[in-house]
Protein chains: 2
Amino acid sequence: MKENLEKLNRYIDLKGLRHSTSREQIAKVFFKTQDHITVEALLDEVRKINAKIGLATVYRTLNLLQECGLAMKRDFDTGTVTFEPYSDAHHDHLICTNCGEIIEFFSDDLEKLQDKIAKKYGFVLTDHKMELYGHCKNCS
Amino acid sequence: MKENLEKLNRYIDLKGLRHSTSREQIAKVFFKTQDHITVEALLDEVRKINAKIGLATVYRTLNLLQECGLAMKRDFDTGTVTFEPYSDAHHDHLICTNCGEIIEFFSDDLEKLQDKIAKKYGFVLTDHKMELYGHCKNCS
DNA sequence: ATAGATGATGAGAATCACTATCATTAATAG
DNA sequence: CTATTAATGATAGTGATTCTCATCATCTAT
Ligand SMILES: [Mn+2]
Ligand SMILES: [Mn+2]
Ligand SMILES: [Zn+2]
Ligand SMILES: [Zn+2]
């Protein structure tokens, strides 16, 4: 959270951007959020702090945060995309197509296997997306 | 190709739908396409056969094809979604973020590992999405 | 601290992909 | 062949995101 803000500010300096209050308010609220949040939901949260903030600025800030690796866009085929704070701790997702539950996981074996596959085809990996869809314990 | 059309016709009968020419023309062109095609590109192709076909019908047909497992929607973060014919032979993708090349692959190890992960969290899998982003042989 | 330059903002228009509507056309059952 | 009604194509509508632009706020250099 504190580190996230610092990283953002470093990026802002690096790019010669300005330190605006709206942007910082949005970023702070976003970093505090727990799981995957929609843009509308984030706007609602932010407006509890500052009612004047506009939707466009939320989008602009999320795009900036993505650029510097502090936000990750997620599209789980639920009809609405979400964002989550991202601090270089990669993880993948299990998604219940019945109740919508989302479980985050990390598998070292999976990461290794990916590298192996990439190598086979001469690829150098920069990122990946792994989404497992099915029914959770409750729903099956 | 022939099997695909037959499967589609069986599905149409099953659902009590009608056998329309537009739909069949669209499906035929789609099944003939090689790689991942955009909706606009598919419409262009289809109109070479039948200039009167509308965009909505292409969407309707693609949705129907998805329903019966004959088409798969793909969103590789390139800005435009694509579709590909799909005949129960699952595969995943390597995507070059530089030149856009897409390599399809299938890994038995990967499928097994997914089941293992799912089991760990009590999930029963129905589907999954694995996209590896990076730079291809040429671009790196 | 002040003033000037310009980046950032918020409101709303514009765009893009996709879906809904609806009058017309065409497939099917009798 | 006719009646029924699903399917079509044109287009309006929708939702998400970006763009435009006048105004505001931040930063830099006095
Ligand atoms: Mn997550
Ligand atoms: Mn493919
Ligand atoms: Zn569930
Ligand atoms: Zn490449």
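Throughout, a chain's letter reflects where its sequence line sits, starting with A, and its residues are numbered from 1. Hydrogens, waters and symmetry mates play no part in the numbers below; they use all other heavy atoms, side chains included.
Taking side-chain N and O atoms only, Thr80(A) has no distance below 4.0 Å to OP1 or OP2 of dG15(D). For dA8(C), the OP1/OP2 oxygens have a side-chain nitrogen or oxygen of Arg23(A) closer than 4.0 Å. OP1 or OP2 of dT9(C) has at least one side-chain nitrogen or oxygen of Ser20(A) nearer than 4.0 Å. Taking only side-chain nitrogens and oxygens, Arg18(A) never comes nearer than 4.0 Å to OP1 or OP2 of dA25(D). The shortest distance between the side-chain N/O atoms of Tyr59(B) and the OP1/OP2 oxygens of dT19(C) is not below 4.0 Å.
Comparing Lys73(B) and His19(B) along DNA chain C, the residue whose closest nucleotide (by nearest heavy atom) sits nearer the 5' end is Lys73(B). Summary of the strand contacts: Glu40(A) and Ala56(A) both lie near DNA chain D, and taking for each the nucleotide with the nearest heavy atom, the more 5' one is attributed to Glu40(A). For Asn63(A) and Ile26(B), each mapped to the nucleotide of DNA chain D holding its nearest heavy atom, the one lying further toward the 5' end belongs to Ile26(B).
No donor-acceptor pair closer than 3.5 Å links the side chain of Arg60(B) to the backbone N or O of Arg23(B).
Note on Lys129(B) versus Asp77(A): salt bridge recorded, some NZ/NE/NH1/NH2 to OD/OE distance being below 4.0 Å.
At a threshold of 4.0 angstrom between heavy atoms, the contacts of Leu55(A) include nucleobase atoms, whether or not backbone atoms are also involved.
A side-chain N or O of Asp13(A) and one of His19(A) form a donor-acceptor pair less than 3.5 Å apart.
For the pair Phe83(A) and Leu42(A), the minimum side-chain heavy-atom distance is 4.5 Å or more.
Nucleotide dC18(C) holds its C1' atom 14 Å from the CG atom of Leu43(B), rounded to whole Å.
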